S.K.: 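Shown below is the structure under consideration.
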Amino acid sequence: MTTGTEPPATQPQPRSGGVRAGTRAAITAPHLRTDRWWLAPAGTAAGLLAFIVYSTWRAFADAHYYAAPYVSPFYSPCLAERCEPMKAGPNWEIFGSWWGISPAIIILIFPLGFRLTCYYYRKAYYRGFWASPPACAVAEPHKKYTGETRFPLVLQNIHRYFFYAAIAVAGILTYDTVLAFRDENYAWGHMGLGTLVFLINIVLIWAYTISCHSCRHIVGGKLKHFSKHPVRYRMWQWAGKLNARHMQLAWASLVSVALADFYVYLVASGAFDDPRFF
């Protein structure tokens with residue numbers, strides 16, 4: 001053949017299975033990339049692993065998550081009776097007194113489920129942790145590829161339902177941000193460094209949530225004529241512009257929510273005094 005895909009008889013055949021099956025081009029090298037392609041997946045894995053370690057520690061710590069008027073986003077809303085009392089705060093004792101472990105475990109299911117099933121995060125941890133594939137033009141080491149058709153990856157399809165829960169969580173965190181305009185005695189009209197931290201965090205949380213692919217589909221999907229739905233068309237355009245920055249917003253909001261929690265931890269533990277602007 002003139003295509004050059006048939007190897008000479010003396011050339012060793014690439015190993016069978018996966019992307020190196022006999023139907024692919026007969027290239028014996030693992031890949032042809034000469035750049036440091038491994039830096040991106042390694043950095044992604046390191047960043048996600050750092051957040052997993054930190055959030056796990058804070059979720060099970062069950063302490064130093066409230067310092068008036070700030071409540072950690074990891075513990076809001078607090079749905080157990082054992083939560084610290086927060087005046088006008090998100091104390092919703094739905095689970096009563098029987099819940100014995102950290103109340104953060106209840107609420108973190110929803111934002112973490114939203115991020116875990118997010119289209120960008122799927123690519124991030126598939127590449128970073130599973131090497132599936134590790135990078136563009138770099139073959140994955142697995143012999144079989146079934147996509148997201150089997151358990152547990154088939155559960156990724158519930159992403160849009162986690163999106164609805166993420167909207168509710170973002171709304172509650174917005175309420176917490178409004179409450180941050182009080183002082184430690186719950187008097188209104190005050191702003192501290194923590195208020196600014198909360199403002200930045202909620203803006204990034206909303207930007208990441210609205211830039212979600214599911215949000216873009218909800219506001220503009222299944223429309224045959226955009227001209228007949230000008231409002232939804234404009235919303236679809238806005239969501240599309242944010243969607244183009246979905247990866248950056250995913251990382252920025254991940255860092256901001258961890259920093260907001262860490263700031264509350266520092267204030268609540270007495271390691272840091274919240275500076276007041278007015």
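These numbers were taken from a predicted model, which means no experiment stands behind them.
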S.K.: For Ala180, is there any backbone N or O sitting under 3.5 Å from a side-chain donor or acceptor partner on Thr195?
M.R.: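 A pair under 3.5 Å: yes.
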S.K.: Can you spot which of Tyr265, Tyr263, Trp57 makes a ring pair (Phe, Tyr, Trp, His ring centres under 6.0 Å) with His64?
M.R.: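 Only match with His64 under ring pair (Phe, Tyr, Trp, His ring centres under 6.0 Å): Tyr265.
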S.K.: Any side-chain donor paired with an acceptor under 3.5 Å for Tyr65 and Asp261?
M.R.: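 Checked: Tyr65/Asp261 side chains show no N/O donor-acceptor pair below 3.5 Å.
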S.K.: Does a side chain donor of either Trp206 or Ser253 reach within less than 3.5 Å of an acceptor in the other side chain?
M.R.: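 Absent: no donor and acceptor within the cut-off.
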S.K.: Could you tell me the separation between the OG1 atom of Thr174 and the CD1 atom of Ile205, rounded to the nearest 0.5 Å?
M.R.: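 Interatomic distance, Thr174 OG1 to Ile205 CD1, rounded to 0.5 Å: 9.5 Å.
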S.K.: Establish, yes or no, whether the cationic atom of Arg115 lies under 6.0 Å from the six-membered ring centre of Tyr208 and within 45° of the ring axis.
M.R.: yes
S.K.: Side chains of Trp251 and Tyr121: do they bring a donor and an acceptor to under 3.5 Å?
M.R.: no
S.K.: Any chance you could measure Asp176, atom CG, to Phe198, atom CZ, to the nearest 0.5 Å?
M.R.: 6.5 Å
S.K.: Is the closest basic N to carboxylate O distance between Arg122 and Glu148 below 4.0 Å?
M.R.: yes
S.K.: In residues 157-168, what donor-acceptor pairs under 3.5 Å come from side-chain atoms, sequence neighbours left out?
M.R.:
from	atom 1	to	atom 2	distance (Å)
Asn157	ND2	Val154	O	3.1
His159	ND1	Thr117	O	3.3
His159	ND1	Thr117	OG1	2.8

S.K.: Nearest 0.5 angstrom please: Trp38 CH2 to Asp35 CG, how far?
M.R.: 10.5 Å
S.K.: With a 3.5 Å cut-off and sequence neighbours excluded, list the donor-acceptor pairs that the side chains of residues 84-91 form with protein atoms.
M.R.:
from	atom 1	to	atom 2	distance (Å)
Asn91	OD1	Met86	N	2.7
Asn91	ND2	Glu84	O	3.1

S.K.: Give a yes or no on whether the backbone of Pro133 and the side-chain of Trp130 come within a donor-acceptor separation of less than 3.5 Å.
M.R.: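 Such a contact is absent between Trp130 side chain and Pro133 backbone.
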S.K.: Take a 6.0 Å sphere around CZ of Arg245 and say whether it holds more than 12 heavy atoms from other residues, nucleotides or ligands.
M.R.: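 Not more than 12 within 6.0 Å, no.
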S.K.: Looking at Cys78 and Cys83, are the sulfur gammas closer than 2.5 Å to each other?
M.R.: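 Yes, disulfide present: SG-SG under 2.5 Å.
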S.K.: Judged by atom type as modelled, is there a donor-acceptor pair below 3.5 Å linking the side chain of Arg232 to the main-chain atoms of Ile218?
M.R.: yes
S.K.: Parallel, tilted or perpendicular for Tyr233 and Trp236, by the 30°/60° rule?
M.R.: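 It falls in the parallel class, under 30°.
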S.K.: For Tyr70 and Glu184, does a side-chain donor sit closer than 3.5 Å to a side-chain acceptor?
M.R.: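 No, because no side-chain N or O of Tyr70 sits under 3.5 Å from a partner of the opposite role on Glu184.
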S.K.: Taking Tyr66 for the side chain and Val264 for the main chain, is one N or O donor matched with an acceptor at less than 3.5 Å?
M.R.: no
S.K.: Can you tell me how far the CE atom of Met247 sits from the CG atom of Leu249, to the nearest 0.5 Å?
M.R.: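 Going from CE on Met247 over to CG on Leu249, the span is 10.0 Å.
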S.K.: Is there a donor-acceptor pair closer than 3.5 Å between any side-chain N or O of Tyr75 and the backbone N or O of Ile105?
M.R.: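 Checked: no pair found.
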S.K.: Does Leu204 reach the side chain of Gln248, with side-chain heavy atoms less than 4.5 Å apart?
M.R.: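 No, too far: nothing below the 4.5 Å cut-off.
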